[in-house]
Enquirer: 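Below is one structure. I have some questions about it.
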Amino acid sequence: MEKILTKKSFPNWIAKLATVQIYAPVVKDDLWSYEVVDAAGITTEYTNAIQSPKKIIFPQRELFLEFSHNDNGSPEIRELLPEDKESIIFGIRPCDAKGVSHMDKVFGGDFEDSYYWKRRNQVTLVGVGCNTPPSPNCFCTSVDGSPFSHEGLDVLLTDMGDNYYVQTFTKKGDKLVNMSKGLFAAPKPKEKADLESLHKDAETKLPRHLKDTKKIPPKLKGLFDSEIWDDESMSCIRCGICTYLCPTCHCFDISDEITSHSPLEGKRVRTWDNCQFPDFTMHSSGHNPRPDKASRLRQRIMHKFQYFVEIYNNYQCVGCGRCISKCPVGIDIIQVLEKVRDHV
Amino acid sequence: MAEEFEPKIVAFLCKWCSSAGSDLAGVSRMQYPPNVVPITVMCSGSVSPLYILSAFNKGADGVLVSGCHPGDCHYIKGNYYARRRIALVKELMEYIGLEPDRFQMSWVSAAEGIKYTKIIKDFVNILKPLGPQTNLRRSQ
Amino acid sequence: MVNLDDLKKEALNLLKDEKVKYIIGYTEGSNGTSAAPAFIKNPEDTDKLVWNPGCFHNLTRFLRDEKKRKAREKHPDERPVGIVVKGCDSRAINVLLQEKYIKRDDVFILGVSCESTGVIDEKKVAKKLKGKKAQKIEWDTNRNLVVTTEDGTTKIPADEVLAERCVECPVHSPVVYDIFFGDKIKRTTDAQFKSVEKIENLSQKEKWDFWKKQFDKCIRCYACRSVCPMCYCDECVVDTISFAVTADTTAEEKAQRIKWIEKSPTPSETFIYHIIRAIHLAGRCIDCGECERVCPLDIPIRFLNKKLEKEAKSLFDYEVGFDPDQLSLVSSFKDEDPEDFIR
């Protein structure tokens, strides 16, 4: 469905949507972040949030079950599922939405992760395209994305000056528009043409580029034992910023958190985990197959640009630039990939 | 009627003085509140700040570290180290906005059974109005 | 002024004469304002070295990696590593020497003076530039930051963009070095603990609310720990590997090992992580402020360490990183240490 919404009627539409919980980017403590907001707090003018909204669908801590000893001394286990609550993520960037669609592949497939899907199915993604790049390190077009890609989105808004061009791609998206049909008009041919040229124009504005990305996955195959990883990881401090801020990184750990030993009580939880941490691959024997930071950097690059491509035929990188902007020592994934690509 | 709040105190007691002091209180049949979980350590200087925080994390409402009087340490100077370290922990707890009264240190010798009971009585009286410690408690 | 050409020349000579294994210095970063750490092995690469207001990294952190690397080698190269250090970083070297983590012969120190300025706070500069990208930044002689963007150059007074730690810094130039670059300017600060006092003046509830709000943001990426030159423990309490497993460790023993801090970013666990880190750095933190700079969520972690620095000074008259031969704060004591809090 394609519609036009004037900026004047925009607040009316938002007011209608606000019957469910809305997450939208707001400034919290000087930083953009996706938080629960009321209708008045919603804007379409914002830079990239520090954290992608992946934390809403795949929270850093997910409760699986609760366990305890009951009075007879026998164990009692209660499953904990995410609560029933419809919500909208308003203003998700196309790259972050693409990240969500990548996670769908990981948590879907032959085995569906019920915790993930419970949250995923309850959330509607309303994207706002990027007329101008929201970060100085955006490079989505280099990894098969675009500032107006609709992969993973239910609704995409394009700012056309006085209006928003509203496109819906799923039934969930249609529902949001149909909630207040009167506010929307059908697009005129000129507006359609304008949209197309605006989308094309936006693609030329990207600040960063990586050429010949296609050459990287086959190249990586031969570089497992290369010295390139030693050189590139020299300045790595092995923190977890790059992966925790990444909209596609999805590794996790499951642990039992004991809150009382007698009587026994506790919870089984899933928390984010991070391939850059030394204990990520630590075996209980004490052996660590990825013993140093070179092998961990290699894993991050290989997972995103080789293994994921082999399994899902997609780069596991959406070009949001967060890992570049926030790396404490300026490790730049584009530069690393260029070195991989040009390696002889 | 609601039950009165009974604080739980974890007490790290030095084996050579304070632990013996608490034993003296016990064998002399002195009365003092049963709110203490004593943990005997080899020296007050061996109490890592992590033990203290961990006790709060696992449900303590108050933590007491007790060692030998200055000059009496079985290991010559362990209690002096403890004194420094614990001063820092106390300052930091206060700075973070935790109630500094929840954390106490005392010198109790093996002969000071009476002092030990008094310290516990006072501590319980301080903790009762503060209520349960929830800030650092692992609960969710 | 620090003459960059002198620095390059010395670096070149050190590498040419094979006096050092390699040189840890700064080079141009990819985002304009920030420099990046550089590891220079070839003499011809010394030309890449830079010295500018974006050189905020504390490079002594990489001595950790060097030590580990050396330990793995069968026939390690015993030559020192050349390292570029600022005033604060040089105090880190003193602490590492004091703790016998490194030997003085392990490093060849190229000390650079911060003179009348210091390093910038990237966030403050970004605010001033309002989205424009800096191509070049430097200090002029009148304590102004000269920023070159595509629209030309602008001058910003140093006090508006200096990192807070530089404003509160008591040293400004290296206290230990082999070669010194720049001028030794005596500068005193009357505001060494200003940031701490701001929090100290809050009520207990306000303090808790402040820290609760800050730590609620924490995603436990451990960048603060990873970037710290003093956080060199092989195993940290927050890592689940802090447990020796041998061939005869039983499953039961493994299950019963102590987990001091859970991975979950819940308030209790995050608080304990940050408190323990602060305590562990008491009398060791040299206030390079890197923990705060790297935090992606802008948690003012430095305020915690600074508080303990203040207490060490006021309670025990202890200053960090000036004397490699002094006993460390928590492994020493004085008879007159305060004990009014002890019952």
Side-chain angles (χ1 to χ4, degrees), chain B residues 44-45 48-59 64-67 69-71 73 77-101 103-108 112 115-116 118-120 122-123 126 133-140, chain C residues 196 199-200 202-212 214-215 237 258-262 264 266-276 278-283 303-312 314-316 318 328-343:
Chain B
S44 55
S48 159
L50 188 55
Y51 298 177
I52 299 160
L53 293 165
S54 211
F56 284 125
N57 186 234
K58 288 168 183 66
L64 173 74
V65 176
S66 190
H69 285 271
C73 179
K77 49 195 182 182
N79 51 357
Y80 289 105
Y81 295 142
R83 185 171 67 179
R84 252 196 187 191
R85 200 177 299 152
I86 276 158
L88 292 170
V89 175
K90 236 177 142 60
E91 290 292 342
L92 193 66
M93 280 180 68
E94 205 240 309
Y95 183 67
I96 282 186
L98 297 161
E99 292 131 335
D101 285 347
F103 173 47
Q104 308 258 349
M105 185 173 180
S106 61
W107 304 138
V108 171
E112 291 177 323
K115 184 176 178 186
Y116 179 75
K118 186 172 177 324
I119 282 167
I120 299 299
D122 290 350
F123 203 3
I126 289 169
Q133 184 278 129
T134 51
N135 290 342
L136 293 181
R137 186 165 183 173
R138 181 186 297 170
S139 56
Q140 285 164 308
Chain C
V196 174
I199 299 175
E200 282 176 336
L202 301 175
S203 73
Q204 188 199 319
K205 180 162 184 314
E206 285 167 337
K207 282 178 191 161
W208 174 259
D209 291 344
F210 172 81
W211 287 111
K212 174 83 169 45
Q214 296 299 337
F215 291 149
V237 285
I258 300 170
K259 249 162 104 194
W260 294 106
I261 300 171
E262 298 287 359
S264 290
T266 48
S268 63
E269 310 303 297
T270 306
F271 261 88
I272 290 182
Y273 162 62
H274 285 288
I275 299 174
I276 280 299
I279 293 276
H280 203 170
L281 288 171
F303 291 179
L304 286 180
N305 303 321
K306 196 77 185 164
K307 166 72 179 169
L308 290 175
E309 188 186 332
K310 183 179 174 215
E311 292 311 328
S314 70
L315 295 178
F316 310 118
Y318 184 94
S328 75
L329 175 71
V330 289
S331 65
S332 61
F333 62 88
K334 286 182 188 149
D335 285 342
E336 65 274 16
D337 279 349
E339 56 172 10
D340 48 344
F341 60 94
I342 299 173
R343 284 164 178 267

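To find a chain, count down the sequence lines: A is the first, B the second, and so on, and within it residues start at 1.
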Enquirer: Checking Pro49(B) against chain C: side chain, backbone, both or neither under 4.5 Å from a heavy atom?
Expert: both
Enquirer: Looking only at heavy atoms, which two atoms of Ser268(C) and Leu136(B) are closest? And how far apart?
Expert: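 Closest pair (atom of Ser268(C), atom of Leu136(B), distance): CB-O, 3.3 Å.
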Enquirer: Chain C: which of Gly97(B), Ala87(B), Ala82(B) shares the most heavy-atom pairs with it under 4.5 Å?
Expert: Gly97(B)
Enquirer: So how far is it from Glu94(B) CD to Glu311(C) CD, rounded to the nearest 0.5 Å?
Expert: 9.0 Å
Enquirer: Which is it for Arg84(B) and Leu329(C) under the side chain to side chain contact (heavy atoms under 4.5 Å, CB included) test, yes or no, and what are the steps along the way?
Expert: CA-CA 8 Å; Arg84(B) 252 196 187 191; Leu329(C) 175 71; 3.7 Å; yes
Enquirer: Quick check: do Phe271(C) and Asn135(B) have side-chain heavy atoms less than 4.5 Å from each other?
Expert: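 The answer is no; the side chains never approach within 4.5 Å.
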Enquirer: Once rounded to the nearest 0.5 Å, what's the spacing between atom CD1 of Ile275(C) and atom CG of Leu53(B)?
Expert: 5.0 Å
Enquirer: So, taking the atom named CZ in Arg138(B) and the one named CD in Glu269(C), what distance separates them when rounded to the nearest 0.5 Å?
Expert: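 Interatomic distance, Arg138(B) CZ to Glu269(C) CD, rounded to 0.5 Å: 4.5 Å.
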Enquirer: What option among Ser331(C), Pro338(C), Ala278(C) has the most heavy-atom pairs under 4.5 Å with chain B?
Expert: Ser331(C)
Enquirer: Which heavy-atom pair separates Tyr95(B) from Lys207(C) by the least distance, and what is that distance?
Expert: O-CD, 3.4 Å
Enquirer: What's the separation between atom CG in Leu50(B) and atom CD1 in Ile272(C), rounded to the nearest 0.5 Å?
Expert: 8.0 Å
Enquirer: Among Leu98(B), Val108(B), Val65(B), which residue has the highest count of heavy-atom pairs closer than 4.5 Å to chain C?
Expert: Leu98(B)
Enquirer: Counting only heavy atoms closer than 4.5 Å, note whether Phe303(C) contacts chain B via side chain, backbone, both or neither.
Expert: both
Enquirer: Tell me, for Asp209(C) versus chain B, whether the close heavy atoms (under 4.5 Å) come from the side chain, the backbone, both or neither.
Expert: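 Looking at Asp209(C), nothing touches chain B.
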Enquirer: Going from OG on Ser48(B) to CD1 on Ile276(C), what distance comes out if it is rounded to the nearest 0.5 angstrom?
Expert: 5.5 Å
Enquirer: Measure up the Phe333(C) and Tyr81(B) rings against each other and bin them: parallel (under 30°), tilted (30 to 60°), perpendicular (over 60°).
Expert: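 Perpendicular.
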Enquirer: How far apart are the closest heavy atoms of Asp337(C) and Arg83(B), and which atoms are they?
Expert: CB-NH2, 3.4 Å
Enquirer: Residues two or more places apart in sequence or in another chain: which of them pass side chain to side chain donor-acceptor pair (under 3.5 Å) with Lys118(B)?
Expert: Asp122(B)
Enquirer: What option among Met93(B), Lys90(B), Glu91(B), Arg85(B) has the most heavy-atom pairs under 4.5 Å with chain C?
Expert: Glu91(B)
Enquirer: Relative to chain B, which of Thr270(C), Leu315(C), Asp335(C) shows the most heavy atom pairs under 4.5 Å?
Expert: Asp335(C)
Enquirer: Just so I understand: if I count every heavy-atom pair under 4.5 Å between each of Lys334(C), Lys212(C), Glu206(C), His280(C) and chain B, which residue has the most?
Expert: Lys334(C)
Enquirer: Which atoms of Ser264(C) come close to chain B, meaning under 4.5 Å heavy atom to heavy atom: side chain ones, backbone ones, both, or neither?
Expert: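 Contact with chain B involves no heavy atom of Ser264(C) at all.
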Enquirer: Find the distance between CG (Leu64(B)) and CZ (Arg343(C)) and round it off to the nearest 0.5 Å.
Expert: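 Nearest 0.5 Å value for the CG-CZ distance: 9.0 Å.
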Enquirer: Which heavy atom in Lys58(B) sits nearest to a heavy atom in Trp260(C), and how many Å separate them?
Expert: NZ-O, 4.0 Å
Enquirer: Evaluate the criterion side chain to side chain contact (heavy atoms under 4.5 Å, CB included) for residue pair Leu304(C) and Ile96(B); output intermediate values, then yes/no.
Expert: CA-CA 8 Å; Leu304(C) 286 180; Ile96(B) 282 186; 3.7 Å; yes
